[in-house]
Q: 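Mind having a look at this structure? Questions to follow.
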Amino acid sequence: MIEILRTYGTLLLIGSYPEGPLGGLALTLILSVLGVGLAFPLSIVLALCRISAYAVLRVPATAIVYLVRGVPLIMLVFWSYYLVPVLIGRTVSAMSTLVVTLVVYQAAYMAEIVRAGIEALPNGQTEAARSLGLGYARTLQAVILPQALFNMLPSLLSQFISTVKETSLGYVISVQELTFAANEVNSSLLIRPFEVYLILSLTYFAVCLLLTRAAHLLETAILRRRAGRSTTHAYATHDQVQPG
Amino acid sequence: MNVFSFLTPDHVAVLARGLSFTAAITIASWLLAMGLGMALAILNESGGRVARGVVAAFIAYQRNIPVVAHLLLWYFGVPALLPKPVQSWINVHNGELISVIAIGLCLAAYFCEDIRSGFRSIPATQHEAARALGLSFLQSMRWVVVPQALRIALPALVNHTVLLFKTTALAMAIGVAELTYVVRELENQTFRTFEAYSVATVVYLMISLALMGAGAMLARRYRIPAR
Amino acid sequence: MIKFNRVDKWYGDYHALVDISAEVARGEVVVVCGPSGSGKSTLIRTVNRLEEIHKGVIEVDGADIHARGTDLNRFRANIGFVFQSFNLFPHLSVLANITLAPAKVGGQSLPQARESAMALLARVGIADKASAYPQQLSGGQQQRVAIARALAQKPAVMLFDEPTSALDPEMVGEVLNVMKSLARDGMTMMCVTHEMGFARDVGHRVWFMDRGRILEQSTPDEFFTAARHPRAQAFLSDLREH
């Protein structure tokens, strides 16, 4: 396995750069950052529409979320592959197709997370802000969203980890990310498929595990910060028999 | 863009066949995932440090690696390790069995965590009271702890069941002729992309909604009465 | 019936039970009392091995429950335990709570188990609540169901761990009445409780515990009028002040 890493390490890490486009793990990470980064503002808009009082916003937003979440991601990839060139009017690279798909997919999932975060805030927050004379948009921007998003950071980070895994679908449409690179290695070697795909699995494992740890640390830091503000703890102490 | 003209008897037969593969893989993987997930969750409750370590390692491995990578490792990698007669047996059954194994193992990790989360919500005194009556560890799990834990874990289990169903579409990457695969083939033959994809989308949506509806019904039926 | 022979238990460095030797005879009702943290609950929980011991022997009905190779489950079926917080199973009806163990462990058929369960419910005074769920009952009713559940397997011994401490005052009486009727019927009982009226009415002996030791064992009369140990006297005067 070590020789495979030594010979094909760069291919797996950065694709055929600099002779060709950037690929491998580097591309996987770039696609993930792009996907989540672009999905984030879209998810906020979608979440706000979901809880809007106006049906003209609420109904389509709800429909989009259910649609995107009810269909396999790979089906969405094929839809994008077909629809995006039609909508834009010119051909689109496979990579752009994947990014668009990831953005739409993650926006729908993150919209639910943001919605939950907003709805978890006590009504008193909105009431206080409006009583001070802050308008709807101001209230959102200065009071509601900062708190909701801060609380939802760990969930959003775990969506990023999901996106890293979802980039592997690029393999099906020939985007040269990590899984595609591993496949290329296997096509060259042919006789060591187990090692090649084990390396692939362990690479994802290492990256995602690291990110998961980071998410845990973030969650602990957030809990500590929140606990510092309030004096109550949400531990259930029912059913504790006092040792006599 | 006429969907109905697309649904000729021939096409419907092809789609039905693809859907039957999707259904078969979904059911088989679900059984594997639920069985293994439950077993691991109970092992985690009963075992010492070693058992808990094994369960944690399994969950970490399955959850941090994309299903596509699992599929490729099982489909291309594992058979190469096995003796030749076993390899030819696997080739006959192609990707379906592999998909069931790969998807079943991966989702077992999700189900295990959901059930463990359910266990954590049940006070330890419930198990203690059952043991005090003379019920064995497994009897206490079976009759007192698991029934309560499953009710609590139900929403998460339903969500992950829908996820499992959608994940079967990835089996197309290793050539399994499930619904997405046959839809792509039809699309290649007829060039009627919009109709083909729409039919697949509607089918997936309907089944996802049906699964969620079934989950809601189960939750109502098995609800623990409140005060 | 229950024999403690030089029993010791530690929680880490803390010596929770110190050289306990005592006996509960068949048909006897022993009340264990003492200040908080004295080890009363720990002691009673060692009898059906909800707590382990480190030294000494505990015998119930002649057999050592802490020995290796004991059929723990069969043993526990012969010992009834009533918890402070009832611990009824919320997903089962009152009747099912009572029939669960006899059917699964005691080998009774379900109709048999149901019949006995209804009789027990009648005995504790809530036969009409058989198909209700625990959460729908008051605290006193729940504890009575818990007692019926413990009695369902016809145990030789009944253990009560502060059975009325989690109840509102007006419900304490109904539970104590059930316990008193059990005592009068000759059940061997070991009760950790603060209810001194109960001790006086049906108790044969009172054990006073403090800091892991049994400091005094006497009849209720002796204990309440002429306690010998200074800490027992202090405890009693504290009780009287309330």
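Below, chains carry the letters A, B, ... as their sequence lines are ordered, and counting in each starts from 1.
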Q: Quick one: what part of Ser198(B) sits under 4.5 Å from any heavy atom of chain A, side chain, backbone, both or neither?
A: both
Q: Tell me, side chain or backbone of Met172(B) under 4.5 Å from chain A's heavy atoms, or both, or neither?
A: side chain
Q: Given a strict heavy-atom distance threshold of 4.5 Å, which part of Tyr171(A) is in contact with chain B: side chain, backbone, both, or neither?
A: side chain
Q: Report yes or no: does Glu112(A) contribute a side-chain atom to a donor-acceptor pair with the main-chain N or O of Arg115(A) at less than 3.5 Å?
A: no
Q: Can you name the one residue among Leu27(A), Val207(A), Thr163(A) that meets side chain to side chain contact (heavy atoms under 4.5 Å, CB included) with Ser32(A)?
A: Thr163(A)
Q: Given a strict heavy-atom distance threshold of 4.5 Å, which part of Leu200(A) is in contact with chain B: side chain, backbone, both, or neither?
A: side chain
Q: For Ala60(B), is it the side chain, the backbone, both, or neither that has a heavy atom closer than 4.5 Å to a heavy atom of chain A?
A: both
Q: Counting the benzene-type ring for Trp, do Tyr61(B) and His70(B) have ring centres under 6.0 Å apart?
A: yes
Q: Taking atom types as modelled, is there a side-chain donor on Gln106(A) or Glu166(A) under 3.5 Å from an acceptor on the other?
A: yes
Q: May I ask you to check whether Thr167(A) and Glu177(A) show a side-chain donor-acceptor distance below 3.5 Å?
A: no
Q: Check each atom of Ala173(B) against the heavy atoms of chain A and say whether the ones under 4.5 Å are side chain, backbone, both or neither.
A: both
Q: Tell me which of these, Val172(A), Leu83(A), Leu209(A), has more heavy-atom pairs under 4.5 Å with chain B than the rest.
A: Leu209(A)
Q: Is the ring centre of Tyr105(A) less than 6.0 Å from the ring centre of Tyr109(A)?
A: yes
Q: Return the option, out of Leu73(B), Val203(B), Val68(B), with the maximum number of heavy-atom pairs under 4.5 Å with chain A.
A: Leu73(B)
Q: Pick whichever of Thr179(A), Leu67(A), Thr212(A) has the most heavy-atom pairs under 4.5 Å with chain B.
A: Leu67(A)
Q: Indicate, with yes or no, if the rings of Trp74(B) and Phe194(A) have centres closer together than 6.0 Å.
A: no
Q: Highest number of heavy-atom pairs under 4.5 Å with chain B: which of Leu73(A), Leu211(A), Asn183(A), Ile74(A)?
A: Ile74(A)
Q: With chain A, which of Leu209(B), Val67(B), Thr201(B) has the greatest number of heavy-atom pairs at distances under 4.5 Å?
A: Thr201(B)
Q: Give a yes/no verdict on a cation-pi contact between Arg184(B) and Phe78(A), requiring under 6.0 Å between NZ or CZ and the six-membered ring centre and an angle within 45° of the axis.
A: yes
